[in-house]
Amino acid sequence: MRIEKCWFCGSPIYPGHGMVFVRNDAKLFRFCGSKCHKNFKMKRNPRKVKWTKAFRKSHNKDMVVDSTIELEQKRNRPMKYNREKMETTIKAMQRIAEIREKRERQFYENRIKDKKKHEHLRALKDLEENLHLIEAPLAQKEKQKITLLEGKNKEKKSAQ
């Protein structure tokens, strides 16, 4: 049994799931569900559809170059069963999964770091522009008193 990948979105397709489209030149296209199949029939490009893995990779949302990704590639060479080799392989797969999770977390944090910095600068700029909206009530009352006094002084001077 083999876990295939969806041609359109890149998600895993487990045995007994999904559908296969065979083109006239005998090329197989495997789809996880009707959503991917319909998008394929509408001739949509997976790199332009935001929910696909191809879009995420092409727009630097996911890691593209990493040694842990290379280990996931499909291999067609059959191997003789060896219990010791299977045990070491399973341990290695678990370790590789841990490494991949750690690297993806670090990649995400690096990607978000710049966004947080820009949001902070934008918030400071908004604060400077709209400082008059958040002044303390006492300061506003004092300003009103000052403007009233200035207004009265101008009236007295104009009356004289």
Side-chain angles (χ1 to χ4, degrees), residues 1-140:
M1 288 197 295
R2 172 176 281 164
I3 299 173
E4 302 286 345
K5 291 219 180 247
C6 176
W7 185 87
F8 195 80
C9 70
S11 64
I13 306 170
Y14 293 96
H17 295 268
M19 59 187 80
V20 180
F21 172 74
V22 183
R23 204 164 52 189
N24 286 341
D25 62 351
K27 176 149 175 47
L28 293 173
F29 297 93
R30 298 181 188 276
F31 304 106
C32 57
S34 62
K35 181 179 181 181
C36 295
H37 188 227
K38 287 175 184 176
N39 278 297
F40 175 79
K41 287 194 291 186
M42 287 190 280
K43 297 185 178 180
R44 288 199 175 141
N45 187 347
R47 289 174 298 193
K48 293 183 180 179
V49 180
K50 289 191 174 186
W51 51 268
T52 62
K53 288 186 181 177
F55 175 88
R56 293 189 62 77
K57 284 183 179 179
S58 65
H59 288 82
N60 295 326
K61 306 287 184 192
D62 281 342
M63 282 195 311
V64 179
V65 181
D66 192 29
S67 58
T68 58
I69 296 171
E70 294 172 11
L71 293 169
E72 195 178 299
Q73 291 176 351
K74 184 176 169 182
R75 292 168 184 84
N76 285 323
R77 189 182 321 144
M79 295 179 64
K80 229 178 190 179
Y81 178 76
N82 184 350
R83 187 180 186 111
E84 294 172 7
K85 193 169 190 177
M86 283 297 292
E87 288 177 5
T88 56
T89 303
I90 289 172
K91 288 179 183 175
M93 287 169 60
Q94 291 170 347
R95 178 72 178 128
I96 289 168
E98 292 172 8
I99 292 169
R100 179 185 287 160
E101 288 174 11
K102 185 178 177 184
R103 288 180 181 174
E104 285 176 350
R105 202 174 317 115
Q106 185 64 39
F107 178 80
Y108 177 76
E109 288 172 4
N110 289 340
R111 196 169 60 92
I112 297 300
K113 189 176 13 176
D114 293 335
K115 186 177 179 182
K116 286 182 181 178
K117 189 177 182 181
H118 288 294
E119 284 180 3
H120 182 68
L121 292 173
R122 191 178 314 127
L124 287 175
K125 185 178 177 183
D126 287 344
L127 186 64
E128 289 174 5
E129 290 175 358
N130 302 316
L131 190 61
H132 64 280
L133 297 174
I134 58 170
E135 279 184 331
L138 293 175
Q140 289 178 347

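Numbers here are sequence positions counted from 1.
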### Query
How many angstroms lie between atom CG of L121 and atom CG of D126, to the nearest 0.5 angstrom?
11.0 Å
### Query
How far does CD1 of I112 sit from CD of E119, to the nearest 0.5 angstrom?
8.5 Å
### Task
State whether the side chain of H59 and the backbone N or O of F55 hold a donor-acceptor pair below 3.5 Å, judged by distance alone.
yes
### Message
For R95, I'd like to know if atom CZ has over 12 heavy atoms of other residues, nucleotides or ligands within 6.0 Å.
### Response
no
### Task
Return yes when atom CG of N24 has more than 12 non-hydrogen atoms of other residues, nucleotides or ligands closer than 6.0 Å, and no otherwise.
no
### Task
Could you walk me through whether W7 and C36 pass side chain to side chain contact (heavy atoms under 4.5 Å, CB included), step by step?
CA-CA 8 Å; W7 185 87; C36 295; over 6 Å; no
### Query
Are any non-hydrogen side-chain atoms of N110 and K113 less than 4.5 angstrom apart?
yes
## Note on the structure
Quick note, salt bridge (Lys or Arg N to Asp or Glu O under 4.0 Å) partners involving residues 30-46, not counting sequence neighbours, are E4-R30
### Query
When rounded to the nearest 0.5 angstrom, what distance separates CG in N82 from OG1 in T89?
9.0 Å
### Query
Under 30°, 30 to 60°, or over 60°: which ring-plane class applies to H37 and F21, parallel, tilted or perpendicular?
tilted
#### Entry: Taking every non-hydrogen atom, the tightest pair across I13 and C32
CD1-N, 3.7 Å
### CE-OG distance between M19 and S34, expressed to the nearest 0.5 angstrom
5.5 Å
### Task
To the nearest 0.5 angstrom, please state how far the NZ atom of K50 sits from the OG1 atom of T52.
11.5 Å
### Query
Roughly how far, to the nearest 0.5 Å, is the OH atom of Y14 from the CZ atom of R2?
15.0 Å
### Query
So which pairs with a foot in residues 84-93 pass salt bridge (Lys or Arg N to Asp or Glu O under 4.0 Å), sequence neighbours left out?
R83-E87
### Task
Classify the ring geometry between F40 and F29 as parallel (under 30°), tilted (30 to 60°) or perpendicular (over 60°).
tilted
### Message
K102 vs E98, test: side chain to side chain contact (heavy atoms under 4.5 Å, CB included). Steps then yes/no.
### Response
CA-CA 6 Å; K102 185 178 177 184; E98 292 172 8; over 6 Å; no
### Task
Answer yes or no: are there more than 12 heavy-atom neighbours, outside M86 itself, under 6.0 Å from its atom CE?
no
### Query
Where is the tightest heavy-atom contact between A54 and R47, given as atom of each residue plus distance?
CB-CG, 3.9 Å
### Message
Please determine whether salt bridge (Lys or Arg N to Asp or Glu O under 4.0 Å) holds for the pair D25 and R23, giving the CA-CA distance in whole Å, both sets of side-chain angles, and the decisive distance to 0.1 Å.
### Response
CA-CA 5 Å; D25 62 351; R23 204 164 52 189; 3.2 Å; yes
